[in-house]
Amino acid sequence: MTVVGFLAMMTRPLAAQRIDRRYDAPTVDFLRQPRPSLARAAEDRSGRKILGGTVGAVIGMALGAGAGAAIERASYRNSCYEDCGLAGALLGGLIGEALFFGAGIHLADPDPERTTGRFLYPALVSAGGIVGSLMLSNPLPLLFVIPVQFAVTW
């Protein structure tokens, strides 16, 4: 058997496996790109998320600071020092801000897939800021807590 005969026999099964084109292929117009609709522009809630996160953080900071100061004053009872309640107010404010920040963003833009992250990540970022400032003996890492919280909960 020659090579030509062998190749001739190989083309027969290939012809049997071809699929007939019963449907026309869709035409693609590359010059016309889909334009964003007004409905998509209305779905952008960036401003609402920023406002919700900010309002939630301020409310949480105020409530946390009040609770932290009250707890510290109650723990010292009659032997309160000059700035009694200040450390509790600072720590409580940071904890309250972390808890209410995610709640404010979630109320502004409810997304069931991101609920856990929106409540968990701000608390983890605050804990990291507290640990970083304690390790460095410098309050500088606390300045980056709120921008990082916005970034991870967006």
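What you see is a predicted model; the values in this text were computed from it and never measured.
- Nearest heavy atoms, Phe100 versus Leu63: CZ-CD1, 3.9 Å.
- There is no path of hydrophobic side-chain contacts, each under 4.5 Å, that joins Leu90 to Val145.
- Between Leu107 atom CG and Arg48 atom CZ the span is 10.0 Å, to the nearest 0.5 Å.
- Looking at every heavy atom in both residues, Pro122 comes nearest to Phe101 through CG-CD2, 3.9 Å.
- With respect to Asn138, the side-chain contact (heavy atoms from CB on, under 4.5 Å) criterion is satisfied by exactly one of Leu134, Leu140, Leu142: Leu140.
- Both Val152 and Leu124 sit in one connected hydrophobic cluster of ILVMFWY residues. Membership requires side-chain heavy atoms under 4.5 Å apart, directly or through other members.
- With values rounded to the nearest 0.5 angstrom, Thr54 atom OG1 is found 11.0 Å from Ile59 atom CD1.
- Heavy-atom minimum distance, Cys84 versus Arg73: SG-CG, 3.6 Å.
- Between Ser133 and Pro139, the closest heavy-atom pair is CB-CA, 4.2 Å.
- At least one side-chain heavy atom of Leu91 sits less than 4.5 Å from a side-chain heavy atom of Ile130.
- What you find for Ala98 and Ala123 is that their closest heavy atoms are CB-CA, 3.9 Å.
- Among all heavy-atom pairs drawn from Glu97 and Ser126, the shortest one is OE1-OG, 3.9 Å.
- In the hydrophobic cluster analysis, where Ile, Leu, Val, Met, Phe, Trp and Tyr join through side-chain heavy atoms closer than 4.5 angstrom, Val148 is grouped together with Leu94.
- Counting only residues at least two apart or on different chains, the salt bridge (Lys or Arg N to Asp or Glu O under 4.0 Å) pairs with a member in residues 115-132 are Asp109-Arg118.
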Worked check of side chain to side chain contact (heavy atoms under 4.5 Å, CB included) between Gln149 and Tyr121: CA-CA 7 Å; Gln149 285 177 342; Tyr121 296 151; over 6 Å; no
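- Under a hydrophobic clustering in which Ile, Leu, Val, Met, Phe, Trp and Tyr are joined whenever their side-chain heavy atoms come within less than 4.5 Å, directly or via other members, Ile105 and Ile50 fall into the same cluster.
- One hydrophobic cluster, built from ILVMFWY side chains closer than 4.5 Å, cannot hold both Val131 and Ile95; they sit in different ones.
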